[in-house]
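Below is one structure, written out as structure tokens, with a few remarks after it.
Note that the coordinates shown come from a computational prediction; the quantities given were computed from them, not determined experimentally. Numbering of ligands and ligand atoms starts at 1, following listing order.
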Amino acid sequence: MSLILGMETSCDETAAAIVADGRRIVANVVASQVELHRQYGGVFPEMASRQHVLDIVPVIRETMARANAEWSDLDAIAVTNGPGLVGSLLVGVNAAKAIAWAKGLPLMGINHMEAHVYANWLLPLARVGKEAEARWSDPQFPLVCLIVSGGHTDLVWMTDHGEYRILGRTIDDAAGEAFDKVARLLGLGYPGGPAIQAKAEGGDPEAFGLPRAWLDGSYDFSFSGLKTAVLRVVQEYEGKGKRPLRARARQLSSDTVPKVPLADLAASFQAAVADVLVEKTRRAAEEFHAKEVLLAGGVASNTLLRQRMREEVMVPVRHLPPALCTDNAAMVAAVGHFKYQAGERSGWELDVYPRLGLD
Ligand code: KG4
Ligand code: ZN
């Protein structure tokens with residue numbers, strides 16, 4: 001039995017959660033900064049860290065209150081220490097250190113990407129009861145996990161707890177970044193993923209023949225060519241195709257709505273992203289004889305992606321409710337449980353690593 005307080009401030013969500021045994025969410029609180037960053041069309045790092053400073057203590061207090069927990073009930077504190085924005089990470093890590101020191105609790109630094117993977121160990125509903133809990137099976141190794149977030153697109157081979165091999169990753173934009181940039185280009189606002197998904201609903205995914213970067217013979221991904229192709233379509237519709245791409249990209253703001261068939265273009269873009277993500281994951285699961293496939297990260301909440309994965313991948317595909325795909329601290333506490341059981345502890349010198357990798 002373990003009761004872990006998880007903390008997450010790597011980007012634009014201030015989050016804390018208490019998780020029992022790495023699977024049962026006792027309390028899960030997320031203070032989103034989406035409204036704050038919307039006016040900039042993306043995360044403004046300095047604003048993000050300042051907002052974390054304001055939110056971190058209320059979020060932790062709220063988490064403790066919802067869990068009806070005393071500090072003495074907890075076994076340890078797990079906090080994201082990379083990858084992410086340096087100023088944001090520092091707020092969470094310093095708060096975690098202060099609490100761990102003051103309350104005499106062990107401290108564990110957690111890799112944010114590993115946390116996204118371990119969200120798949122969480123029971124999807126809080127307090128679902130002992131029976132449902134007993135029926136819930138943990139992910140089975142070996143497995144393939146596709147991590148698709150705003151900052152990362154990694155296809156990971158996992159043979160045991162903490163054992164990762166990166167099969168492929170993006171060589172340019174992350175999948176979520178492509179959603180965000182294209183949404184901005186189409187005047188759909190921030191964050192782009194949910195906006196494109198909504199706009200694509202009435203659209204024809206075959207209306208535009210957008211490119212798929214297959215990068216044959218590798219499990220790597222590339223999305224920047226696709227983004228440029230969308231930009232060219234927009235330019236053609238506006239009859240201004242001769243402007244330099246960079247200047248044009250900068251000039252388009254979220255209030256400039258180009259006269260393009262938005263639903264068709266959004267649907268075509270979404271289908272192009274899904275095609276490549278699904279096909280590479282399908283191939284990896286087959287080649288490595290995976291027992292199951294896990295989806296993780298914000299883009300894993302995409303309905304089309306989930307549906308196509310379920311239809312096309314031969315082994316069971318596990319995906320989470322959207323609130324556990326996007327950044328949260330329950331996933332941090334879930335990793336914390338396995339590290340705590342393995343006896344891993346961080347010292348007071350625990351630092352932040354903005355570019356921390358999985359392998
Ligand atoms: O995992 P996450 O919350 O934060 C990072 O660690 O980056 O992922 C955020 C990303 C954003 O780029 C957002 O546009 C994307 O996830 N996203 C989606 C959807 N919901 C969020 N992308 C596609 N479809 C969605 N429904
Ligand atoms: Zn994330």
Give, for atom CD of Gln33 and atom CE of Met47, the distance between the pair rounded to the nearest 0.5 Å.
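Rounded to the nearest 0.5 Å, the CD-CE separation comes out at 9.0 Å.
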Between atom NE2 of His116 and atom NE2 of His152, what is the distance when rounded to the nearest 0.5 Å?
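Those atoms lie 9.0 Å apart.
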Pick one of side chain, backbone, both or neither for how Asp180 approaches ligand 1, counting any non-hydrogen atom pair under 4.0 Å.
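Under 4.0 Å from ligand 1, Asp180 contributes side-chain atoms alone.
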Measure His112 to ligand 1 on non-hydrogen atoms and call it side chain, backbone, both or neither using the 4.0 Å cut-off.
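Near ligand 1, His112 shows its side chain, while the N, CA, C and O stay back.
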Assess whether a salt bridge exists between Lys227 and Asp173, defined as any Lys/Arg side-chain N lying under 4.0 Å from an Asp/Glu carboxylate O.
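Salt bridge present between Lys227 and Asp173.
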Any N/O/S atom, backbone or side chain, of His116 lying under 2.8 Å from the Zn ion (ligand 2)?
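So His116 counts as coordinating the Zn ion (ligand 2), yes.
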Short list, please: which atoms of ligand 1 are under 4.0 Å from a heavy atom of [X]?
X: Ser149; result: 1 (O), 5 (C), 6 (O), 7 (O), 8 (O)
X: Gly151; result: 7 (O)
X: Gly192; result: 14 (O)
X: Thr326; result: 3 (O)

What class does the angle between the rings of [X] and [Y] fall in, given that below 30° is parallel, 30 to 60° is tilted and above 60° is perpendicular?
X: Tyr40; Y: Phe44; value: perpendicular
X: Trp121; Y: Tyr118; value: parallel
X: Phe179; Y: Phe269; value: perpendicular

Among all protein heavy atoms, pick out the one at the shortest distance from atom 26 (N) of ligand 1; state its residue, atom name and that distance to 0.1 Å.
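Checking every protein heavy atom, the shortest distance to atom 26 (N) of ligand 1 gives Gln197 OE1, 3.0 Å.
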For atom 9 (C) of ligand 1, which protein heavy atom lies nearest, and how many Å away is it?
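For atom 9 (C) of ligand 1, the nearest protein heavy atom is Gly150 N, 3.7 Å.
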Could you grab the angle centred on the Zn ion (ligand 2), going from OD1 in Asp327 to NE2 in His112, to 10°?
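The OD1/NE2 angle about the Zn ion (ligand 2) sits at 100°.
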Gly298 to ligand 1: N or O pair under 3.5 Å?
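Yes, there is a polar N/O contact under 3.5 Å.
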Flag Phe179 as yes when one of its N or O atoms lies below 3.5 Å from any N or O atom of ligand 1, and as no otherwise.
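No, there is no polar N/O contact under 3.5 Å.
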Do any N or O atoms from the side chain of Thr326 and from the backbone of Pro322 form a donor-acceptor pair under 3.5 angstrom?
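Judged by distance alone, yes, a pair lies under 3.5 Å.
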Less than 4.0 Å is my threshold; does some heavy atom of Pro194 fall inside it relative to ligand 1?
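Checking ligand 1 against Pro194, which is what was asked, there is a heavy-atom contact under 4.0 Å.
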Going by heavy atoms, is His116 under 4.0 Å from ligand 1?
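Yes; His116 lies near enough to ligand 1 that a heavy-atom distance drops under 4.0 Å.
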So Leu350 and Met108, side-chain contact (heavy atoms from CB on, under 4.5 Å) or not? Walk me through it.
CA-CA 8 Å; Leu350 178 70; Met108 293 171 291; over 6 Å; no
Within the structure provided, determine whether Leu215 and Ser222 are in side-chain contact (heavy-atom separation under 4.5 Å).
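Side-chain contact under 4.5 Å: yes.
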